Amino acid sequence: MEETYVRHVEFLGFEKRFFPSQHYVYMLMVKWNNLSEKLIYRGYPEIYTFHKSLMEMFPIEAGDIDKKDRIIPALPAPKWLDSQKSTETRQSTLAEYCHSLINLPPKISHCQLVCNFFKVRPEDENPPAQQPYRVIADYSKTSKYEINLLTGDFVEIVEKSPNGWWFCQCDTKRGWVPASYLEPLDGPEEPEEADPNYAGEIYITTKAYKAAQDDELTLETGETIEVIHKLLDGWWVVRKGEETGHFPSMFLHKTGEKKEMESEENVTRRQTPPPRRSTIRNAQSIHGKGRKGISQNTYRRNSRRFLLQKGDWPNQPRKTSNDAPQSPLQERKNGDNIPKPAGSSPGGELKKGAPLIPPRPSPELIMERCTENTCKKVSVRKSN
């Protein structure tokens with residue numbers, strides 16, 4: 001069976017893609033020795049990764065042993081952030097690189113690594129489609145980097161930022177808009193929005209924020225908190241000690257990660273958090289049920305239950321192998337609320353064989369452990 005290999009690569013230009021985020025890909029017409037021709041799309045970082053693998057596979061021809069033996073062409077490393085201008089000017093360099101590569105000795109130009117890289121892929125024949133979004137309420141821009149939107153407009157998402165600002169295109173207009181004003185057309189749920197993680201991730205506040213609503217937290221700069229739910233509108237649910245509440249994610253930085261430099265444009269538009277999803281009302285929205293948020297009581301109750309089970313409840317000693325088992329309903333050192341176990345002696349020691357009576361929880365903790373329906377019924381009875 002005849003060996004299949006690439007005999008020519010022709011550059012046709014480049015494309016700007018907006019999914020899953022904005023990036024550029026080169027269009028390459030690959031001609032094979034069996035006279036077939038296939039159009040493929042490759043990004044520059046992927047081309048450079050292939051180039052590095054080729055250098056490692058052929059160290060002599062790469063000049064690693066003796067520089068005078070190098071025959072594999074050079075390729076500049078990708079920039080930290082590609083722009084349309086750099087993508088355009090790089091075309092001639094890549095065209096020369098591919099021409100030199102295909103004309104290398106067969107042991108290199110016909111090797112499996114080269115053939116696999118230029119082989120057509122499913123995504124080359126069916127590029128990923130963008131998910132359309134509908135605007136659920138009128139929005140008036142507050143800076144030159146944003147765009148105005150009207151209820152019912154359809155937009156395409158260019159970039160989704162975790163701080164709740166999304167870069168969109170609506171007809172010929174392009175700019176930043178709050179994610180809370182948009183809803184997907186394909187389904188009532190946002191597939192990117194994960195479930196709460198009550199174990200939490202450690203973050204540090206980079207800017208102070210004073211709560212404007214009852215379910216938000218007031219925090220100062222430099223405080224360490226735990227993020228338990230990352231919401232797409234940019235308002236994450238965080239835990240500070242025993243308190244939970246919403247906090248703008250743009251004022252948070254994950255510990256241990258290097259903070260990226262922000263452009264002047266990003267700094268300008270990030271002065272204020274975007275509107276919260278819960279503040280946007282639209283009775284015509286088909287996703288009202290899917291967008292129903294978790295109540296703050298539910299966040300608080302589940303967070304406390306998780307910490308109690310883990311033994312990390314604030315002001316409560318951690319469990320050790322020598323500690324006697326305690327009821328999970330025992331409050332944090334609330335001596336007035338915890339009756340002495342039956343059968344205890346005046347000295348405080350338990351009689352042998354005496355059963356342990358679990359401590360009675362406080363009324364406040366009972367209310368927190370109850371379901372929301374039970375809490376509502378109790379509140380109605382108290383008011384009467």
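Keep in mind the model is a prediction, meaning the values are calculated, not measured.
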Heavy-atom side-chain proximity of [X] to [Y] below 4.5 angstrom:
X    : Y    : result
C111 : F58  : yes
E226 : I202 : yes
I225 : L217 : no
D215 : R276 : yes
P76  : Y44  : yes
L231 : S249 : no
P178 : W165 : yes
K210 : T218 : yes

Looking at [X] and [Y], what are the two nearest heavy atoms and their distance?
X    : Y    : answer
C98  : F11  : SG-CE1, 3.8 Å
V238 : L252 : CG1-CD1, 4.1 Å
F118 : W32  : O-CZ2, 3.6 Å
C168 : V177 : SG-CG2, 3.4 Å
Y181 : A137 : CD2-O, 3.3 Å
E56  : P59  : O-CD, 3.7 Å

Query - Any pair counted as salt bridge (Lys or Arg N to Asp or Glu O under 4.0 Å), so long as it reaches residues 162-173, sequence neighbours left out - result: none

**Report entry** Summary of salt bridge (Lys or Arg N to Asp or Glu O under 4.0 Å) pairs that have at least one residue in residues 38-47, sequence neighbours excluded
**Finding:**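 Residue pairs passing salt bridge (Lys or Arg N to Asp or Glu O under 4.0 Å), neighbours aside: R42-D124, E46-R121.
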
Requested in this report: Please check if atom NE2 in H99 has more than 12 non-hydrogen atoms from other residues, nucleotides or ligands closer than 6.0 Å.
Outcome: no

**Report entry** Exceeds 12 heavy-atom contacts within 6.0 angstrom, atom CG of D214
**Finding:**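 No.
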
Give a yes or no on whether the backbone of [Y] and the side-chain of [X] come within a donor-acceptor separation of less than 3.5 Å.
X    : Y    : answer
T224 : I204 : no
N148 : K141 : yes
Y26  : T87  : yes
T221 : A208 : yes
N33  : E3   : yes
T205 : E223 : yes
R277 : W235 : no
S180 : P275 : yes
R70  : I72  : yes

Report task. Classify the angle between the aromatic ring planes of H110 and Y5 as parallel (below 30°), tilted (30 to 60°) or perpendicular (above 60°). Result -> parallel

Hey, what do you get for [atom1] ([X]) to [atom2] ([Y]), rounding to the nearest 0.5 Å?
X    : Y    : atom1 : atom2 : result
S100 : L75  : OG    : CG    : 11.0 Å
L28  : L94  : CG    : CG    : 8.0 Å
T206 : H253 : OG1   : NE2   : 8.5 Å
I71  : I108 : CD1   : CD1   : 4.0 Å
T272 : M250 : OG1   : CE    : 6.5 Å
E96  : L101 : CD    : CG    : 13.5 Å

Mind checking whether [X] and [Y] sit in one hydrophobic cluster, side chains of I, L, V, M, F, W, Y counted as touching below 4.5 Å?
X    : Y    : result
V120 : L113 : yes
Y48  : L104 : yes
V114 : I60  : no

Report task. Mind running side-chain contact (heavy atoms from CB on, under 4.5 Å) on K240 and F247 for me, showing each step along the way? Result -> CA-CA 11 Å; K240 174 67 176 179; F247 193 83; over 6 Å; no

Requested in this report: Give the intermediate values and the outcome of side-chain contact (heavy atoms from CB on, under 4.5 Å) for residues V237 and I294.
Outcome: CA-CA 10 Å; V237 181; I294 303 174; over 6 Å; no

Query raised in the report: Among H246, E220, E216, which one satisfies side chain to side chain donor-acceptor pair (under 3.5 Å) with Y209?
Result: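 Among H246, E220, E216, the one meeting side chain to side chain donor-acceptor pair (under 3.5 Å) with Y209 is E216.
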
Query raised in the report: Tracing side-chain links under 4.5 Å among I, L, V, M, F, W and Y, which residues wind up in one group with V25?
Result: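 L12, M27, M29, L39, Y41, which link up through side-chain heavy atoms under 4.5 Å apart, make up the rest of the cluster.
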
Report task. Could you verify whether a donor N or O on one side chain and an acceptor N or O on the other, from S295 and N297, lie under 3.5 Å apart? Result -> no

Query raised in the report: So, T151 versus D138: side-chain donor-acceptor pair below 3.5 Å or not?
Result: yes

